[in-house]
Amino acid sequence: MKKQSNSSYNQAIIKDALKGCLTKLTPKEQLKNPIIFVVYLGTFITGFIWIYESSRGNIPLFGFEFWVFVWLFFTVLFANFAEALAEGRGKAQASALRSGKKSGSANKLSEDGSLRKVSSESLRVGDVVVVSAGEVIPSDGEVIKGIASIDESAITGESAPVIRESGGDRNSVTGGTLVLSDEITIKITKNPGETFLDRMISLIEGAKRQKSPNEIALSILLMGLTAIFIVVTLTLKPMALHVNADISVVSLIALLVCLIPTTIGGLLSAIGIAGMDRLLKKNVLAMSGKAIEAAGDVNVLLLDKTGTITFGNRMASAFIPIDIKELDNLAYAALLTSLSDDTPEGKSTVTFAQNTYSAKEPANIQSAQFIPFSAYTRMSGLDLDGKEYRKGAVDAIEKCVTASGGKFPKEAHDMCMQIGKKGGTPLVVCEGSKVLGVIHLKDIIKPSIKEKFAEFRGMGIKTVMITGDNPITAAAIAAEAGVDDFVAEATPDTKIALIRNYQKEGFTVAMTGDGTNDAPALAQADVGLAMNSGTQAAKEAANMVDMDSSPTKLIEVVETGKELLMTRGALTTFSLANDIAKYFAIIPALFVVAFPQMEVLNIMHLSSPQSAILSAVIFNALIIIALIPLAISGVGYKALSADVVLGKNLVIYGLGGIIVPFAGIKLLDMLLATLHLL
Amino acid sequence: MVADITLFISFLILLLGAAKAYSGFFTKVLVGEKNVFTPLLLHVENSLYRLCGINPQLEMNWKKYALALMLFNGVGIVLVLVVVLSQHLLPLNPQGLPALPFELAFNTAVSFVTNTNWQNYSGESTMSYFSQMFVLSVQNFLSASTGIAVAVAFMRGIISKESESIGNFWADMVRITLYVLLPLSLVSALFLISQGVIQNFAPYVSAVTLEGVNQSIPMGPVASQEAIKMLGTNGGGFFNANSAHPFENPTSLSNFVQVFSILFLPVSLLFVYGKMSQKSGEGRSILIAMVVLFVLMLGSHYASEKFGNPQISGIVGESAMEGKEVRFGIASTSLFSVATTAASCGAVNAMHDSLTPLAGMVTMVQMMLGEIVIGGVGAGFYGMMAYVILSVFIAGLMIGRTPEYMGKKIEAKEMTYTVIAVLLPGLCILLFTGLSLLIPDATSSISNPGPHGLSQVLYAFSSASANNGSAFAGLSGNTLYYNYALAICMFVGRFGVIIPMLAIAGSLARKKVVPFGKGTLNTQSALFITLLVATIVLTGALTFFPSLALGPVIEHLMMLERISF
């Protein structure tokens with residue numbers, strides 16, 4: 001999917017969008033957007049007047065009325081284009097997905113144990129199928145037997161295969177993905193049409209797109225404004241008649257179309273669709289626009305320590321010798337004892353010893369006898385040249401040292417205590433009966449995550465770390481990562497209670513999760529982001545799914561939500577601010593014939609009344625096209641306080657909205673004058 | 001000019017200081033706490049509850065509150081109707097004035113109940129003392145209390161957390177009338193009497209003028225009505241000349257106090273808002289926005305009047321004083337006329353028809369904005385809140401959050417009601433102005449041709465829809481059409497705003513409070529105040545620029561070319 005979304009403006013999509021702006025011209029489609037529908041009606045009336053009057057010779061065939069008609073028509077087309085373009089990008093992705101869906105057959109396991117080839121469309125919930133290497137998984141389900149590596153790039157765009165196995169939190173498989181190795185037995189959990197892929201397609205296509213709550217509220221405001229502007233223009237006619245100034249119907253329609261918020265009205269649905277699309281580009285699938293809006297409001301982020309804040313594995317971060325002269329020997333021993341330790345801790349010790357202390361394996365390493373790590377001894381090590389090197393937990397090494405007649409030094413105990421207090425894990429290294437020193441294993445905090453959290457604080461978002469660690473370890477990591485709060489020894493129950501508490505206090509809470517036991521909390525959270533690698537239950541409960549299964553994604557989701565809302569606000573402000581210039585173009589033009597004094601209000605010095613009105617109409621149409629890229633890419637969000645963001649946007653979109661049309665209308669008027677169009 | 005500006009500045013300082021000082025007591029009354037008058041009036045309050053079968057502890061949701069309010073005001077309309085239709089049968093009618101025709105009676109009833117006090121009649125030749133005292137003055141009190149009650153209910157809606165209740169309408173009405181309006185009116189009436197405002201039940205006095213003409217000088221209980229007329233931002237004069245009449249407004253001191261009392265309670269309510277919400281900054285920021293607008297309006301009004309009319313200023317001195325308050329000068333005229341239209345009062349000490357075109361436009365613009373430049377008692381507060389919600393909605397989006405005010409989310413429901421409250425009065429103004437210009441019967445009431453005539457009609461419907469009640473004069477409003485058309489505007493302009501605002505209050509009351517943080521929109525900042533002022537001006541300008549351009553603007557431009565109507 002990444003592949004398709006990279007070429008966002010490719011020709012096929014633009015071609016489809018061009019087609020879309022014509023097919024959307026039916027009254028039924030137009031009624032969906034009341035503001036553009038007003039323009040649509042205005043176009044018809046203008047067109048009728050143009051044909052009727054020019055056929056009777058009252059007006060020139062290609063005069064003012066003709067050009068107003070043309071540009072009103074373009075206004076409708078441009079609004080259609082904006083929507084079609086946003087939809088088109090989703091459709092392109094959907095059709096790519098759909099092509100992956102056509103797999104056809106599946107090996108269904110009958111009750112008698114025999115395999116039968118059936119069409120994948122016929123599979124229902126509860127059916128059991130067997131999928132072998134090279135075959136496509138026919139539908140969503142759970143692995144009930146076996147283990148396999150699976151290529152999920154069809155839905156995630158990620159080429160690295162993932163492991164799926166029965167039992168535990170990695171048992172869910174998605175229809176449309178490819179089994180690369182081994183054979184698994186899958187119990188189907190979805191009927192056709194309800195699978196993840198189906199849902200994704202319909203979401204991306206925007207077929208079932210519902211207006212989000214804030215979009216509805218904004219539409220109400222825009223419709224209210226449209227209503228009042230209809231009355232403003234309608235009542236202007238008798239008022240003008242009273243003072244003996246006649247206004248033509250075409251001019252009134254032009255005034256109306258310029259006043260109603262066509263810019264934001266034309267772009268509103270594109271902004272919504274583009275918001276989902278932008279998330280999709282980040283490989284996050286939002287189940288509703290509402291969820292994206294909620295993301296913008298998030299002020300508490302619940303972050304799992306493992307994977308989000310830390311790399312997830314404890315790593316060696318320091319060697320602390322008992323005798324400072326023995327530091328190199330300690331590094332050497334640590335390296336040797338870890339060679340047979342395949343745990344992430346062991347591997348990191350090897351890397352650390354090699355990189356930081358340039359410890360090297362001896363040449364005769366082949367002759368060594370390895371003692372691998374076992375849960376029983378809680379030690380690993382090797383015997384080489386008659387020396388016994390061991391590494392392990394404090395008590396295990398203590399036992400080992402005392403057993404071989406040595407004495408476990410008090411310093412080693414103190415060191416271990418210190419490390420524990422800092423949230424780390426100590427491992428003791430000994431050579432025979434002599435304790436060499438301690439390895440400090442530490443949860444390594446991801447680089448620049450602390451800065452990210454500081455940014456969040458600046459935005460007014462509170463970060464809360466959730467971990468299963470004990471309170472001491474948790475506190476140390478929380479302090480180092482710079483989160484605002486933490487919850488230690490967390491269980492799924494504490495998570496859900498925590499979310500409820502925050503929500504009661506009025507906070508909007510976002511969290512990530514992958515396990516089945518996360519599902520209730522994901523459902524309770526305002527924004528629940530499930531990992532695609534997680535269980536079906538988690539994905540069902542969440543309102544967003546991250547295809548990359550990267551917990552840090554939550555941060556980007558919040559930013560996208562904010563961008564969506566900001567884009568809406570910015571374009572609304574811009575659209576309304578535009579009206580001032582349009583008034584100064586049109587009002588003097590309407591009345592200057594009856595009242596030459598009105599020329600004073602023609603502050604742009606537009607060349608003629610008709611050219612003034614037409615310039616305003618053309619500007620009004622072109623600004624929609626000009627703003628499509630902004631609507632689709634969104635107003636960029638930087639983590640700043642609300643006051644700063646508001647000030648900046650007010651200057652750009654408020655003040656800019658006042659100034660830009662003055663310049664634009666003046667330019668268009670000059671252009672019209674040079675072209676002698678009127 | 002220096003003296004004029006000193007007057008304006010000292011007026012504002014005195015007003016803000018006094019309003020703030022009073023707000024402590026005002027708040028106590030509104031939340032039902034013990035206050036200085038409790039020992040004196042608690043007994044009366046409780047007896048009233050007992051008499052009317054009111055349980056003041058009973059909490060009402062917004063629907064019940066709105067229903068009680070509508071019932072109460074509905075009964076009010078009927079009572080006024082009954083009395084003015086039968087005043088010839090009732091006592092205290094020394095002039096033997098006849099009953100009012102029905103359409104005028106209806107217009108008057110709606111007018112006084114909606115706090116508009118549009119008067120399609122001359123008080124001295126139409127209303128008996130009984131009608132003036134027992135229904136019109138009473139409605140002056142009750143319509144003012146209603147406005148304050150709605151404002152307080154709205155404050156409760158904003159402040160409360162996940163609650164259904166927005167207070168008890170009956171208790172609010174009793175407390176506001178008893179503890180706030182009655183004592184203040186008493187003090188004000190006594191002061192006005194000391195200045196020479198009359199208060200009697202005597203028949204009209206006949207006199208022979210120096211020219212030997214017989215003149216009938218109207219009398220009546222003026223001071224008692226005058227006090228609440230200003231304090232309650234009602235504006236309905238005892239006499240046709242309103243506060244330009246020496247018996248209503250005899251001295252420059254009484255003039256100053258009258259202007260002061262128009263704005264006193266509305267300003268004080270904003271301090272109350274700060275106290276009730278325990279965020280004094282929130283009340284202050286809104287007050288600053290209002291005062292900024294007020295100063296802008298007063299400045300342009302005064303400048304336009306000072307500049308005068310070039311056609312005659314060479315002949316009569318710097319300003320044209322025809323129709324202005326000649327006794328107190330142009331500054332007092334400007335201050336009075338800006339305050340009265342800022343605050344939905346509608347009392348006048350000058351004929352607004354005689355103002356220069358741009359000064360006339362200022363008075364009209366204030367009404368078209370929905371009387372939120374300080375605004376009427378209560379009405380100014382809740383009217384302004386609609387604009388605050390509108391501003392918050394747009395600004396809130398621009399910071400990347402769904403909008404919220406005082407921690408309450410502004411969603412589709414609030415937006416719907418806000419749009420109704422903001423746009424309905426404007427729709428009334430435009431639709432009825434347009435309609436009136438199409439009806440020959442209606443256009444025949446217009447006394448001047450061209451743009452000035454348009455201004456007369458526009459002003460009348462602005463005044464009615466905004467519940468101001470001042471008249472541009474010049475338009476003969478006592479016709480079948482205008483009596484009903486204006487009554488409709490007054491009714492819609494009042495309750496078409498009150499009900500949506502109560503609905504918003506109810507909806508906000510139910511919501512959770514989002515904690516304040518760095519990511520929240522700061523509604524106390526200078527930036528927000530600027531945005532609020534800009535939203536108000538922009539909304540007003542976009543709605544009324546075309547009609548104003550055809551009325552006062554063109555009239556002004558033509559005046560500069562020495563063409564008049």
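Letters A, B, ... mirror the listed sequences (proteins, then strands); counts begin at 1. Values below: every heavy atom of this structure, side chains too, minus hydrogens, waters and symmetry copies.
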Completion exercise
If you tally heavy-atom pairs under 4.5 Å between each of B:G517, B:P515, B:G519 and chain A, the highest tally belongs to B:P515

Practice task
Could you tell me which of A:E505, A:R568, A:M223, A:E293 has the largest number of non-hydrogen atom pairs under 4.5 Å with chain B?
Solution key: A:E505

Practice task
With rounding to the nearest 0.5 Å, note down the distance linking CG in B:L435 to OG1 in A:T235.
Solution key: 10.5 Å

Problem - Contacting moiety of A:K648, where chain B heavy atoms sit under 4.5 Å - result: neither

Problem - Under 4.5 Å from any heavy atom of chain B - which part of A:V600 - result: side chain

Practice task
Specify the closest pair of heavy atoms between B:P451 and A:V243, including all atoms of both residues, with the distance to one decimal.
Solution key: N-CG1, 3.6 Å

Problem - Partner chain A: residue of B:L458, B:T539, B:V422, B:L427 with the largest heavy-atom pair count (under 4.5 Å) - result: B:L427

Exercise for the section: Under 4.5 Å heavy-atom distance to chain A, tell me which part of B:I446 shows up: side chain, backbone, both or neither. Expected result: side chain

Problem - Contacting moiety of B:L531, where chain A heavy atoms sit under 4.5 Å - result: side chain

Problem - Contact winner vs chain B - A:A295, A:G458, A:P213, heavy-atom pairs under 4.5 Å - result: A:G458

Problem - Separation between CD1 of A:I586 and CZ of B:F545, rounded to the nearest 0.5 Å - result: 11.0 Å

Practice task
Could you tell me which portion of A:N244 (side chain, backbone, both or neither) has an atom closer than 4.5 angstrom to a non-hydrogen atom of chain B?
Solution key: neither

Completion exercise
The interface call for B:V553 against chain A, heavy-atom contacts under 4.5 Å, is side chain

Problem - Gap between atom CG of A:D643 and atom OG of B:S525 - 0.5 Å precision - result: 5.0 Å

Exercise for the section: Check whether B:T543 gets within reach of chain A through its side chain, its backbone, both or neither, counting any heavy atom under 4.5 Å. Expected result: both

Practice task
Sort A:L241 into side chain, backbone, both or neither according to what part of it lies under 4.5 angstrom from a heavy atom of chain B.
Solution key: neither

Problem - Contact winner vs chain A - B:S547, B:A412, B:S436, heavy-atom pairs under 4.5 Å - result: B:A412

Exercise for the section: Measure distances from B:V513 to the heavy atoms of chain A and classify the residue's part below 4.5 Å as side chain, backbone, both or neither. Expected result: backbone

Practice task
Please state whether the side chain, the backbone, both or neither of B:K409 comes within less than 4.5 Å of a heavy atom of chain A.
Solution key: side chain

Handout entry: Contact leader toward chain A among B:P403, B:G396, B:G434, where contacts are heavy-atom pairs under 4.5 Å
Key = B:G434

Handout entry: chain A contact via B:K512 - which portion, at a heavy-atom distance below 4.5 Å
Key = side chain

Exercise for the section: Sort out for me which of B:P546, B:A534, B:G551, B:G426 touches chain A most, counting heavy-atom pairs under 4.5 Å. Expected result: B:P546

Practice task
Report yes if some heavy atom in the side chain of A:I220 is under 4.5 Å from a heavy atom in the side chain of B:T418; otherwise report no.
Solution key: no

Exercise for the section: Could you tell me which non-hydrogen atom of B:L454 sits nearest to which non-hydrogen atom of A:M239, and how far apart they are? Expected result: CD1-CG, 3.8 Å

Handout entry: Heavy-atom side-chain contact between A:N299 and B:V514 under 4.5 Å
Key = yes

Handout entry: Residue part contacting chain B, namely of A:Q503, when any heavy atom lies under 4.5 Å
Key = both

Exercise for the section: With rounding to the nearest 0.5 Å, note down the distance linking CG in A:L640 to NZ in B:K518. Expected result: 11.5 Å

Exercise for the section: Could you give me the CA-CA distance, side-chain angles and deciding distance for A:F591 and B:I554, then say whether side chain to side chain contact (heavy atoms under 4.5 Å, CB included) is met? Expected result: CA-CA 10 Å; A:F591 303 127; B:I554 194 69; over 6 Å; no

Practice task
Below 4.5 Å from any heavy atom of chain A, which atoms of B:L560 appear? Answer side chain, backbone, both or neither.
Solution key: neither

Exercise for the section: Measure the spacing between CG of B:L423 and CD1 of A:I228 and express it to the nearest 0.5 Å. Expected result: 4.5 Å

Problem - Nearest non-hydrogen partners of B:I399 and A:M566, listed with the distance - result: C-CG, 3.8 Å

Problem - Heavy-atom pair of closest approach, residues A:I587 and B:A549 - result: CG2-CB, 3.8 Å

Problem - Atom pair CD1 (B:I410) and CG (A:N214), whose distance is rounded to the nearest 0.5 Å - result: 11.5 Å

Practice task
Let me know if B:L430 has heavy atoms under 4.5 Å from chain A in its side chain, its backbone, both or neither.
Solution key: both

Practice task
Might you confirm whether atom NZ of A:K290 has over 12 heavy atoms from other residues, nucleotides or ligands at distances under 6.0 Å?
Solution key: no

Handout entry: Best-contacting candidate, B:T520, B:V457, B:L557, B:T443, against chain A by heavy atom pairs under 4.5 angstrom
Key = B:L557

Handout entry: Which atoms of A:A294 approach chain B - backbone, side chain, both or neither, heavy atom under 4.5 Å
Key = neither

Problem - Closest heavy-atom pair and its distance - B:A541, A:Y583 - result: O-CE1, 3.9 Å

Practice task
Could you walk me through whether A:V645 and B:M398 pass the side chain to side chain contact (heavy atoms under 4.5 Å, CB included) test, one step at a time?
Solution key: CA-CA 8 Å; A:V645 175; B:M398 273 198 290; over 6 Å; no

Problem - Which atoms of B:A395 approach chain A - backbone, side chain, both or neither, heavy atom under 4.5 Å - result: both

Fill in the blank from the handout: Cut-off 4.5 Å, heavy atoms of chain A, and the answer for B:E411 is backbone

Completion exercise
Closest non-hydrogen contact found for A:L576 with B:L542 is O-CD1, 4.3 Å

Practice task
Measure distances from A:F507 to the heavy atoms of chain B and classify the residue's part below 4.5 Å as side chain, backbone, both or neither.
Solution key: both

Completion exercise
Looking only at A:I216, A:V232, A:T572, most heavy-atom pairs under 4.5 Å shared with chain B are made by A:V232

Practice task
Could you tell me whether the side chains of A:D297 and B:T402 share a donor-acceptor contact shorter than 3.5 Å?
Solution key: yes

